[in-house]
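The block underneath contains the structure these notes are about, expressed in structure tokens.
In what follows, residues are counted from 1 in the order of the sequence shown.
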Amino acid sequence: MNKGRLYGLGVGPGDPDLITLKALRYLQAAPVVAYYLGKDKRGNALTSVQPHLRPDQIRLPLVYPVTGRIPEPPYDYEGAMRAFYDEAAEQVAAHLEAGRDVAAICEGDPFFYGSFMYLHDRLADRFETEVVPGVCSVVASASVLRTPLVYRDQRLQVLAGTLPEEILTERLSGVEAAAIMKLGSNFEKVRRVIFKLGLETRARYVERATMEGERTLPLAEIAPESVPYFSMILIPGERWQG
């Protein structure tokens with residue numbers, strides 16, 4: 001029996017229309033659709049592709065053991081996530097071994113902080129694999145905020161809000177342009193760094209870009225407890241007067 005083929009599909013930042021034609025073609029042809037989600041949730045990737053799915057396709061939910069705030073030690077978060085990705089890979093592998101193609105859908109782009117990369121690391125040596133890039137949240141956020149990110153030879157930094165405050169301060173000092181992801185409970189720390197460095201007039205905030213509930217606000221008006229994981233701060237490059 002021939003083995004199935006694994007497809008890592010970037011399905012965009014949330015808007016169902018922001019999936020590429022190639023990803024849509026592979027998605028609709030695959031007998032199995034694998035997707036990540038939190039407990040008692042539908043999963044953002046599945047929600048965005050729901051209008052494109054056939055009723056007869058097998059849904060394979062891969063349920064995260066933890067989402068949101070990471071439990072305090074002695075909980076072994078890194079160990080729990082490695083075990084989860086190992087098990088998720090074997091669930092996908094079972095279908096591939098049975099000869100069924102699997103479309104593993106991923107918000108944004110599969111290889112840009114994408115959850116698909118953990119399946120790829122575990123399965124690409126065992127099964128034929130193809131990855132289709134997608135519209136990532138950084139460029140989607142820039143579009144929603146109607147701001148160019150970088151001009152000419154400016155450098156763009158992409159940073160995780162989970163970084164310690166001193167590292168964020170170091171990397172944002174003298175920054176030309178930046179995108180700060182993974183805010184959520186890290187928002188107040190990131191905002192503090194931005195104001196300390198005098199970047200508040202350049203910084204732009206957006207949450208749930210292209211999704212239902214999309215919102216943009218000035219940094220000073222945001223209640224930290226209201227900030228979702230799917231939020232971002234952009235610091236655009238200085239406008240080039242060309």
Does atom [atom1] of [X] have more than 12 heavy-atom neighbours from other groups under 6.0 Å away?
{"X": "E212", "atom1": "CD", "answer": "no"}
{"X": "E166", "atom1": "CD", "answer": "yes"}
{"X": "D56", "atom1": "CG", "answer": "yes"}
{"X": "K196", "atom1": "NZ", "answer": "yes"}

Is a side-chain N or O of [X] found less than 3.5 angstrom from the main chain of [Y], in a donor-acceptor match?
{"X": "K22", "Y": "V132", "value": "no"}
{"X": "R59", "Y": "Q57", "value": "yes"}
{"X": "T147", "Y": "S143", "value": "no"}
{"X": "H95", "Y": "L60", "value": "no"}
{"X": "E130", "Y": "G8", "value": "no"}
{"X": "E207", "Y": "T216", "value": "no"}
{"X": "K182", "Y": "M232", "value": "no"}
{"X": "R191", "Y": "L219", "value": "yes"}
{"X": "D101", "Y": "A30", "value": "no"}
{"X": "R122", "Y": "Y118", "value": "yes"}

Quick check, are the ring centers of F187 and Y205 under 6.0 angstrom apart?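 Ring centres of Y205 and F187 closer than 6.0 Å.
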Closest heavy-atom pair and its distance - [X], [Y]:
{"X": "L6", "Y": "A104", "value": "CD1-CB, 4.3 Å"}
{"X": "T20", "Y": "P133", "value": "CG2-O, 4.0 Å"}
{"X": "A178", "Y": "L172", "value": "CB-CD2, 3.8 Å"}
{"X": "P71", "Y": "V66", "value": "CD-CG1, 3.7 Å"}
{"X": "V190", "Y": "G161", "value": "CG2-CA, 4.0 Å"}
{"X": "Y35", "Y": "R42", "value": "CE1-O, 3.8 Å"}

Under a 4.5 Å cut-off applied to non-hydrogen side-chain atoms, are [X] and [Y] in contact?
{"X": "Y36", "Y": "F116", "result": "no"}
{"X": "Y151", "Y": "Q154", "result": "yes"}
{"X": "V175", "Y": "Q157", "result": "yes"}
{"X": "V150", "Y": "E176", "result": "no"}
{"X": "I194", "Y": "I233", "result": "yes"}
{"X": "C106", "Y": "L9", "result": "no"}
{"X": "K41", "Y": "T67", "result": "yes"}
{"X": "V131", "Y": "F111", "result": "yes"}

Matching residue for [X] among [options] - test: side-chain contact (heavy atoms from CB on, under 4.5 Å):
{"X": "M211", "options": "D15, N44, T47", "result": "N44"}
{"X": "I105", "options": "I19, L53, V49", "result": "V49"}
{"X": "M181", "options": "F112, Y229, F230", "result": "F112"}

Would you compute the distance between atom [atom1] of [X] and atom [atom2] of [Y] and round it to the nearest 0.5 angstrom?
{"X": "Y113", "Y": "C136", "atom1": "OH", "atom2": "SG", "value": "10.5 Å"}
{"X": "D121", "Y": "D86", "atom1": "CG", "atom2": "CG", "value": "11.0 Å"}
{"X": "L156", "Y": "I235", "atom1": "CG", "atom2": "CD1", "value": "10.5 Å"}
{"X": "L163", "Y": "K189", "atom1": "CG", "atom2": "NZ", "value": "7.0 Å"}
{"X": "E214", "Y": "S141", "atom1": "CD", "atom2": "OG", "value": "8.5 Å"}
{"X": "R54", "Y": "L27", "atom1": "CZ", "atom2": "CG", "value": "9.0 Å"}

[X] and [Y] ion-paired at < 4.0 Å:
{"X": "E128", "Y": "K3", "answer": "no"}
{"X": "E238", "Y": "R152", "answer": "no"}
{"X": "E90", "Y": "R126", "answer": "yes"}

Are Y85 and Y77 joined in one hydrophobic group, where the rule is that I, L, V, M, F, W and Y side chains link up if heavy atoms are under 4.5 Å apart? yes
